[in-house]
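This one's a predicted model, so the numbers in the text were calculated from it and none came from an experiment.
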Amino acid sequence: MRVWYIRTRRYPRVLNRMYSMDLAYRAGLALGGLSLAVFFLGVTGQLSPAFLVIALAIAAASFIYSCRKVSFQGLKDLSEAEKLLLAACVFSILLILPLALMPPSVRDELIQHLALPKLYINEGRIWEIKHIGFSYLPQNIDLLYLIPLALGSDIAPRLVHLLFAVLTAGLVYAFILPRAGRLYGLIGFALYMTTPLVFNLSRMAYIDHGAAFFSMLSFMAALRYRDEGSTKWLAISAAAMGLGLGAKYNILISFFLIGLFITAVSYKRSGIVGAVKKSVLFALVALAVLSPWLIRNYAWTGSPFYPLFETAAGSVARGEGLHVTGEMAPVGKRFLLYGEGLLDILILPLRLFWEGADNSIEKFDGVLNPFFLAFIPLAFLRKEKDAKLLLAFSLFFFALAALTVDLVTRYLLPVIPAIVILVTLGIRNGFGSRSLRLPAAVILAALAAFNAYYAFGLYQKTNAVSYFASGMDREEYLKEKLPDYDVVSFGNKALPERAKVMLVFTGDRGYYWDRDYIYGDRTGVFLKSMMKNSGDAGALAAGFKSYGATHLMVNEAIFQRFVNDNFNEQELEVLSSFFNTRTERMYSSRGYSLLKIL
């Protein structure tokens with residue numbers, strides 16, 4: 001089959017890197033350095049707005065100074081097609097902005113990524129929160145959110161997360177540029193930003209884009225080390241890896257795979273001794289960047305990697321929210337919970353593309369694009385130096401993830417840039433073939449339509465247009481969006497400053513609470529333990545108070561279902577007596593109640 005290619009403008013390899021990857025790694029290191037600066041301010045009890053602004057100013061000045069010699073000449077003389085694609089790239093970012101500018105209302109924002117920084121700000125320091133297991137996880141990205149939160153904005157953290165998505169798209173562009181030209185680099189950028197999973201996450205103050213960015217930056221810096229042999233790029237790869245590990249522990253898979261790549265490259269260049277030296281250097285630099293979090297956890301729990309490895313820290317709450325496998329691998333769970341057979345398991349990597357659905361763990365809790373599968377094989381029509389490497393990285397990452405973490409699509413985000421690069425190279429090769437050009441154009445149109453349809457649906461689901469068009473008040477929006485917000489709003493106004501609210505089956509959404517709160521239960525283990533040790537209503541009330549709780553916030557439907565399923569008649573009588581004689585109902589709304597413990 002004869003293959004021909006659309007002519008695209010190419011630029012000297014050094015110039016391409018100067019204004020693409022070099023800019024991205026400078027931004028990444030500046031953001032990572034800022035996060036570590038906030039960490040040290042936090043552990044020394046200096047989380048004041050003044051110190052945070054100084055740290056931000058230093059990071060910004062350092063980034064600007066480091067970019068003084070970066071050239072943007074390659075962005076001149078755009079063709080008409082490239083101008084249109086550049087406009088599409090800008091539009092893809094602008095399309096996300098209205099969604100990101102809405103009040104935070106997504107689950108993990110309110111449980112963790114905004115809630116923890118708010119708790120640190122309230123204390124003026126990073127402190128041990130024993131009842132929140134995931135507070136022991138590294139928080140490089142969350143600490144960046146702490147700065148705008150301290151300055152009074154909870155919208156800016158969403159924009160920071162969006163920034164990481166844009167930087168990752170920039171890495172996709174930088175990878176494609178010297179291999180396929182600027183036109184396809186811009187296509188890759190737009191494809192990444194409009195991929196449903198990426199598009200959806202970009203509106204939230206989550207951490208996944210930060211973790212994916214640092215993983216991809218480490219991967220590309222490792223390639224530069226392979227091509228140029230410079231220890232500088234090995235060090236940058238390792239530093240980016242350390243920052244990625246400090247964002248999310250699923251980057252341990254990237255650490256293992258890229259570490260193997262560094263070892264193989266070094267062995268080929270300088271034999272076994274050189275391979276050992278470079279591998280050790282890579283690991284030591286990455287762990288050094290991660291070490292502040294390891295030292296903190298060791299000081300608090302005696303286990304630097306808690307809650308990843310829970311061999312220590314018996315007095316600390318179990319690490320809820322860390323989706324690592326326990327006694328059974330996630331693949332095994334799919335056999336038992338969802339009745340999937342061997343064929344279903346074998347084609348899991350493919351099913352991610354066409355079965356994904358938001359808010360469904362069975363459907364991988366995220367949407368990709370089924371038309372990606374048509375273009376990935378086409379990436380190999382033409383011999384491309386790193387196409388096989390990208391595919392191998394993606395497949396091995398998925399295989400290891402399937403054995404260690406719940407199969408949630410966003411946990412696989414670190415390989416989505418690699419997949420989008422393969423898709424873009426496949427588009428290039430499809431349009432370059434006389435026999436495939438027409439079907440490639442049809443499939444590309446379907447791919448774009450799928451992404452557009454998802455974006456349209458997300459606007460409908462979030463009511464973004466009506467929110468901005470009607471001028472809806474923030475409080476009104478949150479009361480409509482969050483079933484527990486009305487009770488929380490009442491509690492913030494009615495409860496005394498020293499009150500402490502125990503959240504019972506409420507989903508642990510603590511961000512909007514302005515009073516102290518503790519987690520009571522997600523699974524009911526805590527409540528069952530208390531009931532076991534309480535013979536009457538007074539003992540049960542004393543049990544709640546022993547944790548400092550002065551009030552309870554209860555999801556009534558879940559609570560009632562749980563007690564009916566788990567407690568005997570005598571225990572139900574104790575509970576009934578407790579609520580009738582030892583609590584006072586202060587407020588109820590939409591199935592949630594706020595109770596005062598007497």
Do any N or O atoms from the side chain of [X] and from the backbone of [Y] form a donor-acceptor pair under 3.5 angstrom?
| X | Y | value |
| --- | --- | --- |
| Tyr145 | Tyr206 | yes |
| Ser35 | Leu143 | no |
| Thr409 | Phe364 | yes |
| Asn369 | Thr195 | no |
| Lys545 | Leu598 | yes |
| Asn580 | Ser576 | yes |
| Thr44 | Leu41 | yes |

Is there side-chain contact between [X] and [Y], with heavy atoms separated by less than 4.5 Å?
| X | Y | result |
| --- | --- | --- |
| Glu556 | Ser588 | yes |
| Arg590 | Asp484 | no |
| Lys532 | Glu571 | no |
| Asn140 | Phe214 | no |
| Leu116 | Phe134 | yes |
| Val43 | Arg125 | no |
| Ile96 | Leu162 | yes |
| Leu412 | Phe398 | yes |

Got a second to check how far [X]'s [atom1] is from [Y]'s [atom2], nearest 0.5 Å?
| X | Y | atom1 | atom2 | answer |
| --- | --- | --- | --- | --- |
| Asp358 | Leu458 | CG | CG | 7.5 Å |
| Lys363 | Glu355 | NZ | CD | 4.5 Å |
| Ile207 | Ile141 | CD1 | CD1 | 7.0 Å |
| Ser215 | Leu243 | OG | CG | 12.0 Å |
| Leu478 | Asp486 | CG | CG | 11.0 Å |
| Thr168 | Leu413 | OG1 | CG | 7.5 Å |

Is the distance from the ring center of [X] to that of [Y] below 6.0 Å?
| X | Y | result |
| --- | --- | --- |
| Trp293 | Tyr136 | no |
| Tyr592 | Phe559 | no |
| Tyr477 | Tyr485 | no |

Next item on the list: Dump the intermediate steps for side-chain contact (heavy atoms from CB on, under 4.5 Å) on Thr550 and Lys596, then the final yes or no.
Entry: CA-CA 6 Å; Thr550 61; Lys596 180 180 180 180; over 6 Å; no

Would you tell me whether [X] and [Y] have side-chain atoms, one donor and one acceptor, within less than 3.5 Å of each other?
| X | Y | answer |
| --- | --- | --- |
| Asp508 | Tyr517 | no |
| Ser202 | His209 | yes |
| Asn564 | Arg561 | no |

Give a yes or no on whether a salt bridge exists between [X] and [Y], defined as a side-chain N under 4.0 angstrom from a carboxylate O.
| X | Y | answer |
| --- | --- | --- |
| Asp154 | Arg474 | yes |
| Lys481 | Glu476 | no |
| Glu109 | Arg158 | yes |

Nearest atoms (heavy-atom pairs only) where [X] meets [Y]:
| X | Y | value |
| --- | --- | --- |
| Leu572 | Val563 | CD2-O, 3.7 Å |
| Ala549 | Ile597 | O-CD1, 3.8 Å |
| Met530 | Ser534 | O-OG, 2.7 Å |
| Ala150 | Leu52 | CB-CD1, 3.5 Å |
| Leu595 | Arg585 | CD2-CA, 3.5 Å |
| Pro49 | Leu151 | CB-CD2, 4.0 Å |

Note to self: The test is ring pair (Phe, Tyr, Trp, His ring centres under 6.0 Å); show your working for Phe255 and Tyr249 and say whether it passes.
What the structure shows: CA-CA 10 Å; Phe255 176 69; Tyr249 269 147; over 10 Å; no

Notebook entry, point to check: How are the rings of Tyr519 and His131 set relative to one another: parallel (under 30°), tilted (30 to 60°) or perpendicular (over 60°)?
Noted result: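 Aromatic pair Tyr519/His131 classed perpendicular.
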
Check: Would you call the rings of Phe567 and Phe562 parallel, tilted or perpendicular, where under 30° means parallel and over 60° means perpendicular?
Finding: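 If you compare the ring of Phe567 with that of Phe562, the planes turn out perpendicular.
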
Count the heavy atoms belonging to other residues, nucleotides or ligands that lie under 6.0 Å from [atom1] of [X], then report whether that count exceeds 12.
| X | atom1 | answer |
| --- | --- | --- |
| Phe396 | CZ | no |
| Phe256 | CZ | no |
| Phe468 | CZ | yes |
| Phe579 | CZ | yes |

Margin query: Using the side-chain hydrogen bond (donor to acceptor under 3.5 Å, both in side chains) definition, which of the options Asp108, Asn250, Asp365 pairs with Arg410?
Written below: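 The side-chain hydrogen bond (donor to acceptor under 3.5 Å, both in side chains) with Arg410 is passed solely by Asp108 among Asp108, Asn250, Asp365.
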
Note to self: Could you go through His161 and Leu144, starting from their C-alpha distance and side-chain angles, then the distance that decides it, and tell me whether this counts as side-chain contact (heavy atoms from CB on, under 4.5 Å)?
What the structure shows: CA-CA 9 Å; His161 196 229; Leu144 293 175; over 6 Å; no

Notebook entry, point to check: Cationic tip of Lys118 within the cone over Tyr511's six-membered ring, i.e. under 6.0 Å and within 45° of the normal?
Noted result: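 Yes, a cation-pi geometry.
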
Margin query: Filter on side-chain hydrogen bond (donor to acceptor under 3.5 Å, both in side chains), then keep only pairs touching residues 455-469, sequence neighbours left out; what's left?
Written below: none

Note to self: Evaluate Ser303 against Tyr298 for side-chain contact (heavy atoms from CB on, under 4.5 Å), listing each step before the verdict.
What the structure shows: CA-CA 5 Å; Ser303 174; Tyr298 181 78; over 6 Å; no

Notebook entry, point to check: Run the side-chain contact (heavy atoms from CB on, under 4.5 Å) check on Leu594 and Leu552 step by step: do they pass?
Noted result: CA-CA 6 Å; Leu594 182 63; Leu552 301 176; over 6 Å; no

Notebook entry, point to check: Given Tyr120 and Gln139, is the side chain to side chain donor-acceptor pair (under 3.5 Å) satisfied, shown in steps?
Noted result: CA-CA 12 Å; Tyr120 296 153; Gln139 298 157 34; 3.2 Å; yes

